[in-house]
Structures are given as structure tokens and as C-alpha cells.
Amino acid sequence: MDIILTINGMQKNWEIAPSDTLLAVLRREGFFGAKFGGCQQGECGACAVLVDGRPVNSCSILAAQVSGHVIETIEGIGQHPEQGWKKTGGLHPIQLAFVESGAVQCGYCTPAMVLAAKSLLEHEPNPSEEQVREALSGVLCRCTGYLKPVQAVLRAAAYLRGEIVPPVSERIEAPEGLFGDNQSGDFSPEGGMPGNASTMTRIMPQISLTPQTESWRQVGKPEIKVDAVKLVQGKPAFTADMEMRGMLIAKVLHSPLAHARIKHIDVSKALALKGVAAVLTYKDLPRVVYSTAGQSDPIPGPLDSFSLDSKVRFVGDRVAFVAAESEEIAYQALQLIEVEYEELPSIIDPADAPKPGAVRIHDEPEYVNFADSNPEKNLAAELRIDIGDVEKGFREADFIFEGDYEVPKVQQAHIEPHVVITYWDSDDRLVIRTSTQVPFHTRRVLAPVLGLPMKRIRVIKPRIGGGFGGKQEILMEDVAAHLTIATGRPVIYEYTREEEFIAARSRHPMRVHLKTGVKRDGTITANEMYALSDTGAYGCHALTVTGNTGHKSMALYVGDGPYRESPNIRFYADVVYTNTPPSGAFRGYGVPQGYWPLERHIEKIARDLNLDPLEFRLKNALRSGEYHPFSKSWSEGREPRPEIIHTVGLEQCVQQGKATAGWDQKYNNAEWRIVPGKPNLRRGIGVAMVMQGTAIPYLDMGGASIKMNDDGSFNLLVGATDLGTGSDTVLGQMAAEVLGVPLEDMLVYSSDTDFTPFDKGAYASSTTYISGTAAVLAAQKVAERIRVRAAKMLNARGDGPEVTPDDIDLADRKASAPDGRSVTMSEVGHDSLHHSDQEQIMGVASYVSPSSPPPFAAQFAEVTVDIETGQVTVEKLVMAVDGGVIVNPVLASGQIEGGMTQALGYAVCEEMRYDEQGLALERDLVDYHIFRADEMPELETLFIETFEPTHPFGVKAVAEIPMDGVAPAVGNAILDACGAQVDVNPTTPERVWAALKSGNRSGFTRKIEQ
Amino acid sequence: MIIAYHRPKTLDEALALLARSEPETLPLGGGTVLSRPGPGRYAVVDLQELGLNQIEARGGRLEIGAAATLQQMYAHAGVPAGLRQPIRRETTYNLRQTASVAGALVTADARSPFATAMLALDAVLVWDTGEETTLEVFYAQPERRKKRLILRVAIPEGVSCGYEAVAKTPADVPLVCGAVGSWPGGRQRIAIGGIGGAPFVLREKTGAEAWGSFDALIDEKLINAHSQLSEHINLQSNYFKSTILILVQRLTAGQAVE
């Protein structure tokens, strides 16, 4: 049928099918700013456009319905201000505010947010924060925590009202005395109304600076994200934002059974369907065993996966691949595949997996063990770590406390689903354009799976719409690649949201037992954790995730006095197979699973012994100069090497965090707990202290190359994988600092296995530290050549004393002699390429660290509990973080805010559940709720800088640590509010209610006084 | 799959299309449900040019056109203030811009805040035949979606609405929700959402009556609902019962204490 659409002021006839959604038509016609979030109920809003000025989800409306209406897409809103001779109006003020405010992280939902803001501001030029949050609430964001988008809209409103808006870079330091009474961080505009949030909402986080940073011009500054301008315009930057002639659509037939053998499979009817190009089953593919985990070689886990197998091991496992001319035909083909299954007994409860007589999930002969995996016992990994003499420590304790805890399986829920496009290039090399955190691992792992030499595979990572560990996996690239090999044609495979829930990876659920020995004075004498970890049907990340559960959480409290010298710590874990979707990597990588039990347990002990919970924790916590207790015992399945921790800002985090949270006024305060006029409500405040890691020592490697151009700009090529975090920007800032140029002169590109140096990928909180050091080292090589040439150029002038390269200072785009004479970077670049002793000034470097300096944090949470229904409302989250030197405070605080928000879901609502047949109960973002803009608590981030001596700019990591403390802090705040001991996460109303009804006020399963 | 799209300009034209047996033809309000890929092949009749998006007071009732959007209703001055919260919590801001009132009621499941509140207000569906069906009766009919075309949804004027819910987060789908409609003459009606296939009326009373005990009533509803508990609900019945009682107490401002 034909319709008339007016899009961005242009009227055009379109030929569509009656079933076409507006989203399908827009993307087909190149309006890639409207994104496909995989959802089928319109719950994510990433596809929103304006229809007659209102934000409408284009996936949830037929194209035919909007015929005759006025449509605005992001492509019609603003443009890059510099387009050669053509003058443009530049970015729209809303886009400008988003860019300036750090509101663009992965950028996948940004166009929809910008449009929602435009709709609001066109009828409400002076909106309240509440109105802004309401307007943005139709668009889910998994990266930002919504704070910066809200601030951006308020800032944009001020621009549009013609007000003078202060620069984002105004920094508020956090010295002694902290932040006074102005806890909100808002300050009144000149002539503005106090309390009117508008333009003055503070964007820079509160920060306590190290003295080393004072002279730096790039590092430590809130530079604009290098990809923000492109993303805010909705440019076709993501994997699926491209059209290729003849591209086929891939779909996968997923298993309806939790455990079965395929007795018979007939694809003849599907193949006969017009428009079907290929149908593949296990019979068609070489049987190559591998691990889907995106990790360095050798994979520290069992090899237990095949592209397609004759056995299915969970509901959602792969049965067959289809490539067809359209999505509709592909779905029809799936329905025509006839499969006869022999159903096998299944294991859904992990406690059943190791029982004698349990069905064996992995009985394939190709299975390759790693370390202590044992498929005969359904054991993907086993950990037995003993540090010191744990039994002696328990004997020396005055009290032994034991408790049981549970943490759920949860979904990464990045708004961009997994997506890949594969095609043969003109050299018959297979190109894999994929939304991955691990492009180099993808190439290495897939080569044998596809039967191709590695050199004939090129992996391109475009912009990524969030990953959070879910894309540290070679999850579905093989599907499209096999189909491209089978058909010779380009293939796109994009997960639906349901597939994300039934066929992607998730966080390992665990059941944890803790046993802690404590002296009367609060000295921890021994600490023991046992974890039963559920890896699901495959063992990807089984060992390393669960190892980190102990490695990062149980390392925090070493004890005091002699125990500090020789801590007694035990961490045992069994990682078992079940017939549920596989677990895998998820931001935090096992550590949140450790801190829920640990910090709930520590809180209970403090209360039981009547100890101040902050002092009790700090008394036993790691201090600078001490060994990481696990560094002598375990290192992700590799040889451990002792490591000293140089910087621990935990005490300062506690001091500043508790002042901002109002801890002293609120904790254990019966009067404050009462909510006037609301007898059913109780307030509470809770805390958790946490540590993470920064990279994997002696293993993680990042590379960088920098070349200088004629105009004094530089190309920085990194294999590091910016998945929305801003790592391209902070790497560029560090290199720019070394080279003495502004960030805008660094052209950063990541990542392409053909063009960029190797990098292990975006995981383990390593990019700023590892890849950043590589960028610095490469910049230092380039800087050295610039100094040599600049000295030569200055000496050739003969207008001053002779200078040597060591005399030359690089700053302000100049190479300057001590007497003030200088040559510009442009002059150096031009001279080096065209005029004398021509050379390409270039530096290549890589870095592997012997250290993994942990960031530390104190997380505070304030809640209100309805003691009649168990409903918990989290009112405020304050996180004080020692992440070393902060390279970009706005981007880093965005990481903390987004991480706290993700962790908030982990604390109160997110949970993946299965019925007895292994069917997922949550399959979309309606039933699996993630936080929206209009229901957020107040978020506060404080950076407590330390200077980490193992990095040239003193950095540690901030990416994962915000996942760790929110849940236990919320759990402890609930305890403070009403005495409920909730030991199973998340703290749903029913669980809180049940805990209130329970008689166990101590929360321990056992307490012994010795 | 949608195989044909029609946008009639008159009601008669729309009714003629909807009366066809082949292909199956369905009315299309906002399209938020029918635009999803699904089984079957059917035609749709878009209601947008039939004038069915008006909201007006008439004959002591607020009549809401079937194609009026949830956002229109949310913003309408004649809508009881207490109804705004359940409308807001029904779906996201963007979807409220297109989701139609009739469509939201017809496709509602037990967890629908909007349907629960409309049930408490004793909402009436007005069909193209002129026939009227209360929402309560509609939800009791398994074949409720097979009727022809809803033209309007009506709620009585002057009736206030109270709404309470328990959810894991403020904007999450409620685990349990309840609403009360209160008429000027003292009539009150409590509806509960969260269990079973659709929200249900827990009890209704006149001004002269006392609420009495809810205990046995809730037990009965829970037993009836148990066989059709939503897969999304895995709560213990004692939690449901306790929470429903609490919500009832709150909705009735403490009148119901048993």
C-alpha cells in the first residue's frame, strides 16, 4: 500500500506493507536514529520519534497509522556545526546540552531522549525536574542513571529561554568541611530563583583532588566525549545501522525443552519456503568444541559448547539457524522445521546438580576440562582457596557467626541487543561487524569454529549500545558467520529482547554460606565463605566469575593486629551446571555476589556485638602497603603472584560519604526513623564498603598506536573497546596531556582487528589503566620525536641559544624552548611529512601490568520501608569512591550513577526466575523491570582521589565498583529501618514482609560464644 | 500478521469492515498491541478518523471515546484526580501517547492499575449496538474480545477514586493494587488487581452499610484466582491476603479493619 508521510518537513510517498511498523519503515529508509531495542511491547522507547509533536514509540505504531501526520526524527533536529563551506545552524540546544552535560554514554537511547525533551520544552519552557523526569520516563537508559540527561534537559531549557548558562567545568572540590548545607549540589543562578533547578544543577561531581593533578590540562578535566556529537545526532554508528544489498535476516530456532536429544530433525519444508536461503542444523556444521567466554588464551574454563549440537541443554538453546530474505519469512521457516526430541531429566535447582544419580548435562566426548571442572559431577569449576590457618583463627575467636544468603540471576539488559552483521569482502575475507566487548577474542575463538584461518577474519566493533559484560561473549557472531559461509551473502542477526532473556548470558546466581570468627573487641580472626554458583547449561566464565566472588569480597576484611599480618581466609566454591540459560560476565564479575552476603553479615555482627558498623569495618579492612591476601593464592586460574596494594582511600571515603549521607544524624536514630503522619513507614540508613580490581595482572594487555598528521593532529588507534563508557575519550585525554594538545586534536578510533593494535577488550575494569598506559607510552614515543624535530627546527632558525630535545616542553599545541621560542605542532607535523628528513612521526606501545590496584568505596543508602506491606522505597544513594585520579570527572560520575542505578535494580527488583520445566518467567522489560527516570532516588557521587603509583597518571578503575555496594547497603538500611533481616536478594516487598514476620532478629543461622 | 489496513471515515464503513468474517478484522485504536508481530492473518480498521477520541461529560457521566489515548484521559480536567495515578502507572509515558482507553481495558491483565481503578468506578463499555456492558461483566466473560466495536467508555461523574499499590519499585507493575470508587451518596466499591486473569470487584456497599469482614471474602477470591494465577506472580497467598487487607484498610481510610 502507498502512504504519504511528512518526515522532518519533507513530504513523500512511501510503499509499505500493512504490517510495517513505523520503525521498520524509518530504518529501511535510512533514519537510523530510531533504534530497535529488541522489545515487542514498546517498553524501551529507544525507537521514539515525534508524531505531531508527541513522543511515540515507532515500534508500537503502524506506519499506515501515521500517514497524514507530521513526523520528526533526530535527523531533522540539528547538525554538526562545521560542514566545510556550508553553514549550518549547528546542534539543537538540547543536543548541545546533552553533549556538554555528559548525558551521552553509549548514545543508543540518546536520540529518543532528545526528542522527548524537545516535545516537553516546546510546550513547557521552564519545566520542573519532576516534569523532565516524567518526559524522559518513556525511554529506558541502562547507562546513565538518568541524572545527567535530566540535568541536560534543564540546561537546554535555560539555553532556549536565552539565559546565560555557566560552563560544565566549574569544579566543586570536597575539602575539609565538605559541602556545607548545600547537599543537593544546586546553586542559584544569578538573578534566578533559588530552588528552581533549571540551569544550575551541578554536573561536576564532588571531588577531593590529589596534588599531582594541579598542573594537568587534559587529565582531570570534564572534556566532551569524543563520540558525543555523532551520537546525539543519531548518526548510523551502531552495528545494525547499515544496509547491504542482498542482506539476509538470520533467526534461530530455540529449544522448547530444558534437556533433550534431537532424535530427528527435518528442515525440508523450511528450505522449500520461498525466500529462505539457508537452514543449518548440527548435521551441517563441523563439530568444534569451544567456549563462548571472551577471555584471553587459554580460556580459563571448560570447552563445552558447539555452534549447533544434537543435544539441547536449556530452554532457549540453539536447534537450527535460518537465513531468509525477510524477518517474516525467517520466522515462518522456523515454524516449518520439524524436530523430534528425546526429553531427558533436567536440573533446574543448582542444589540438585551434584547429587548422586543426577543426570549428566555434559556427556559429549569432546568436552575439555579446565582445572577442576568435572562434567561427571555436573561441575564446571571448583575452587578451594585457603589463606593462613582458618581453623586456628576460628579457635581464637570469642564468637563464631554463621549465616546463609542468596543472590539472583539477573540480566545485563543493555538497550542495544546483541547484533552482528557478517559478509565476505572483496578479498574473500570474512568481515564480522559486531556489537562486542572483545573483538580480538572473537576473531581468535571463531577461527577454528568457522574453519577459517584467523588472518581471513576481520572483526569490526562500531559504537556499542551498552554491554555490561553481556557482550564479553562470542554469543551469536557464529550464527551469522555460518550463514554467510553457507549462502555467500551478508547476514544480519539481531536478538529480540526475549532472546536476551532466554538465550544470552546473565549474572551467576549463588547461594552463599558465611562463617566468621570475631573477638570481643571486633577483631576478625577468620572468615570463611562457601558459594554454590549456578553456571547454567554452559561453563563460560564459571571459574573466573565465581573466583572473583571470593577474591574481591573476602579480601577486604583481613582482620586487625596479628591477623592483619597473616589473615585467615577461606573461599570454597562449587560451580555447577543446570539446565537453565548460561550465566556469564556481568559488570562486577562475581563481586556483587560476594558483597551481598559479606556486607549483610558484617552488619549483623557489628549490631550483635554493639560495635559501630563503620569503625568495625575500618578496623578490619585492608590498608595501603599490605598484600592483597588472595594474590599469593589465586589469579583467575593462573599462577598467583604476590601484590602489594599501594593506595587505599577507604577511610576518607567513609568520612566524606557519611557526612554527605548524614549518617551520624540518621543511623540507629529512633526519632529520625519515624515518618510524621505515616505510621506505617520507617526510615533507615545503611552502608557497605567494597573493593574491586583494576585489570588482571600479568595477563591483560592493551595496545595503542599514535601517528602525527600534517596539521598537528593525531590519530590514536586503540584496540580497547569503548562500549559507551567513554574510554575512547579518557584514553585520548591521557595521550593529549602527554602531547600538549587539546583533546579535539586527538582523533580516536576503536576498534578493528585489521587496523588497531591488539587489546584484550573491555572487561575487568582495565581499559583506563591498561589501555590508558599503552596510550600514554605511545604518546611518549611520539612526543620524543616531536621534541627532537622541534629542537632541530628551532636551532635551524639561529635566533636563540641552542636547545636539546630535553629542553622542549609540549603544551598549547606548541613545542617550546625554555626562552619562549616555539614551533607549533602543525609546523612540526608539516615539516616531518613534507620538508626535511621526512618521516612519519608515530608511536606504538603496549602494556601489561604486574599490578591490579583495587578501587575502594563506601556506599550509603537511605530507604523508607512500609512495615505493613514490605514495600521498600530507596530515597538516596551516596557513593564515595577511591578510583585513583579521575581522568574525566563528568564521564566517571556518569559511570558511578549508572552503575548505582543498575545495582539498585539488583537490590530491589531484578530477578530472573524459572518454572519447574526451566521456562523463563521474565522475557521482557515489563516483567523484568529496570529503573525509569521518574522513579529514581537521589544520587550523589564523591570522588576521593588517591594517586596510584603504578600508573603514569595515578588512575585506578571506576567502571564496576558501583555494582557492588548498593544491594547490601539497601539491605542494611532496611534492617536499620525496621529490623527486618532480608538475606535473599532482591529485597522484594514479600521478602521484607516475611522477614518482618520472622522471629529471627539476629539473622544468623548459628552463633557460638566460645 | 496484519494483511490489510483500513482507515474508514464513517462509523458505518468501519462497522461493515468489522462485520466481515473473512479476513478476520479487528478494530485498531492506538496500535500498541496489534502492531506487534503475532500469529494469524487479519485486517485492521483504524478508528482515528471516526471522532472516537473525544472526552466529554454527558448525562451525569464522563464519556471517553474508545480511541482517546491514556494521556488524553490523564490530562483531562473532568477525570477524577485519584484516577491519574493508575493511568500514569498503566504504561510508559510514550505508550500513553498512543495507547487507547478502550484498547487498554480490553487487553488488560490482572496487574493493570488502570483497569482496576476503572472497575472500582464501575466503568461501562458502550458498544456500537448501543448496548452497554459494565467492565465487571466484561471481565467475567471469557469471550470478551469477540464483541464488535466499543465506541465509548463511561464513568459516573462526581465519583472520587482512591488507588493504592504495592510494587517492587514506584513504576514497576504492581504486585497487588486496589482502588476504591466513592459516590456522593455513600456507595463505595473496591476493586483489586494482581491475581487471576483480570482485576475483580472485591466488595461494594451502599452508604448505609458497613464494610464488614473481608477475611473470608479474600480467601474466596484467592482460591478462585489460584487456578489462573498469572505466571508473573509467584507470591505466597498469605502475603497476598495480608497485603490486600492492608490496601483495603487504606482505601477505606481505616473503615475496614477486619
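When reading the values below, keep in mind they use all heavy atoms of this one structure, side chains included, and skip hydrogens, waters and symmetry mates. Chain A is the first sequence line, chain B the second, and so forth, proteins listed ahead of strands; every chain is numbered from 1.
For Thr32(B), the parts sitting under 4.5 Å from any heavy atom of chain A are the backbone and the side chain alike. Of the two parts of Ile246(B), only the side chain, counted from C-beta on, holds a non-hydrogen atom closer than 4.5 Å to a non-hydrogen atom of chain A. In this structure, no portion of Val51(A) lies under 4.5 Å from any heavy atom of chain B. At a 4.5 Å heavy-atom cutoff, the contact between Ala171(B) and chain A is made by backbone and side-chain atoms alike. Contacts of Asp172(B) with chain A are made by both backbone and side-chain atoms, with heavy-atom separations under 4.5 Å. When heavy atoms are compared at a cutoff of 4.5 Å, Thr869(A) approaches chain B by way of both its backbone and its side chain. If you measure heavy-atom distances from Val872(A) to chain B, the contacts under 4.5 Å come from the backbone alone. Gln97(B) touches chain A through backbone and side chain together, each having a heavy atom under 4.5 Å away. Contact of Phe931(A) with chain B is made through the side chain alone, with heavy-atom distances under 4.5 Å. Contacts of Val49(A) with chain B are absent, with no heavy-atom separation under 4.5 Å from either backbone or side chain.
Under the 4.5 Å side-chain criterion, counting only non-hydrogen atoms from C-beta, Asp927(A) is in contact with Arg111(B). In this structure the side chain of Pro37(B) reaches within 4.5 angstrom of the side chain of Gln40(A), judged on heavy atoms. Between Leu245(B) and Glu868(A) the shortest side-chain heavy-atom distance does not fall below 4.5 Å. Residues Ser67(A) and Arg7(B) meet the side-chain proximity criterion, which asks for heavy atoms closer than 4.5 Å. Annotation: side chain of Thr873(A) is not in contact with side chain of Thr169(B) (no heavy-atom distance under 4.5 Å). Side chains of Glu990(A) and Leu175(B) form no contact here, defined as non-hydrogen atoms less than 4.5 Å apart. Within the 4.5 Å cutoff, the side chain of Val173(B) has no heavy atoms near those of the His929(A) side chain. You'll find the side chain of Tyr239(B) reaches within 4.5 Å of the side chain of Pro989(A), heavy atoms only.
Rounding to the nearest 0.5 Å gives a distance of 10.5 Å between OG of Ser35(B) and CG of Leu23(A). The line from CG of Leu115(A) to CG of Asn94(B) is 10.0 Å long, rounded to the nearest 0.5 Å. Atoms OG1 and CG, from Thr98(B) and Leu22(A) in turn, are 11.0 Å apart once rounded to the nearest 0.5 Å. Taking CG of Leu95(B) as the reference point, atom OG of Ser60(A) lies at 5.0 Å (rounded to 0.5 Å). One finds the CZ atom of Arg54(A) at 9.0 Å from the CD atom of Gln71(B) (value rounded to the nearest 0.5 Å). For the atom pair Tyr5(B) OH and Ile3(A) CD1, the distance stands at 8.5 Å (nearest 0.5 Å).
When each of Ala64(A), Cys909(A), Ser137(A), Ala116(A) is scored by its heavy-atom pairs under 4.5 Å with chain B, the top score falls to Ala64(A). Of all the listed residues (Ala135(A), Gly45(A), Ala994(A)), the one sharing the greatest number of non-hydrogen pairs under 4.5 Å with chain B is Ala135(A). When Val166(B), Val33(B), Leu34(B) are compared by the number of non-hydrogen pairs under 4.5 Å with chain A, Val166(B) comes out ahead. Contact count versus chain B (heavy atoms, under 4.5 Å) is highest, among Asn680(A), Thr987(A), Leu140(A), Leu136(A), for Asn680(A). Contact count against chain B (heavy-atom pairs under 4.5 Å) is highest for Gln41(A) among Gln41(A), Arg932(A), Glu327(A). Each of Gly68(A), Ala17(A), Gly42(A), Cys59(A) has some count of heavy-atom pairs under 4.5 Å with chain B, and the biggest count is that of Gly42(A). By number of non-hydrogen pairs under 4.5 angstrom with chain B, the leading residue of Asp866(A), Leu919(A), Val874(A) is Asp866(A).
Remark: Arg41(B) CZ is loosely packed, at most 12 non-hydrogen atoms of other residues, nucleotides or ligands lying under 6.0 Å away. Remark: Glu130(A) CD is loosely packed, at most 12 non-hydrogen atoms of other residues, nucleotides or ligands lying under 6.0 Å away.
Between Gln871(A) and Ala167(B) the shortest heavy-atom distance is OE1-N, 2.6 Å.
A salt bridge between Glu935(A) and Arg89(B) is absent, with no side-chain N of the basic residue lying under 4.0 Å from a carboxylate O of the acidic one. Ionic pairing of Lys168(B) and Glu911(A) is not present here: no N-O contact between side-chain nitrogen and carboxylate oxygen is shorter than 4.0 angstrom.
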Asn238(B) and Trp993(A): CA distance, side-chain angles, deciding distance, side-chain contact (heavy atoms from CB on, under 4.5 Å) verdict | CA-CA 11 Å; Asn238(B) 57 351; Trp993(A) 178 85; 4.0 Å; yes

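Side-chain atoms of Gln48(B) come within 3.5 Å of backbone atoms of Gln65(A) as a donor-acceptor pair (strictly under, hydrogens ignored).
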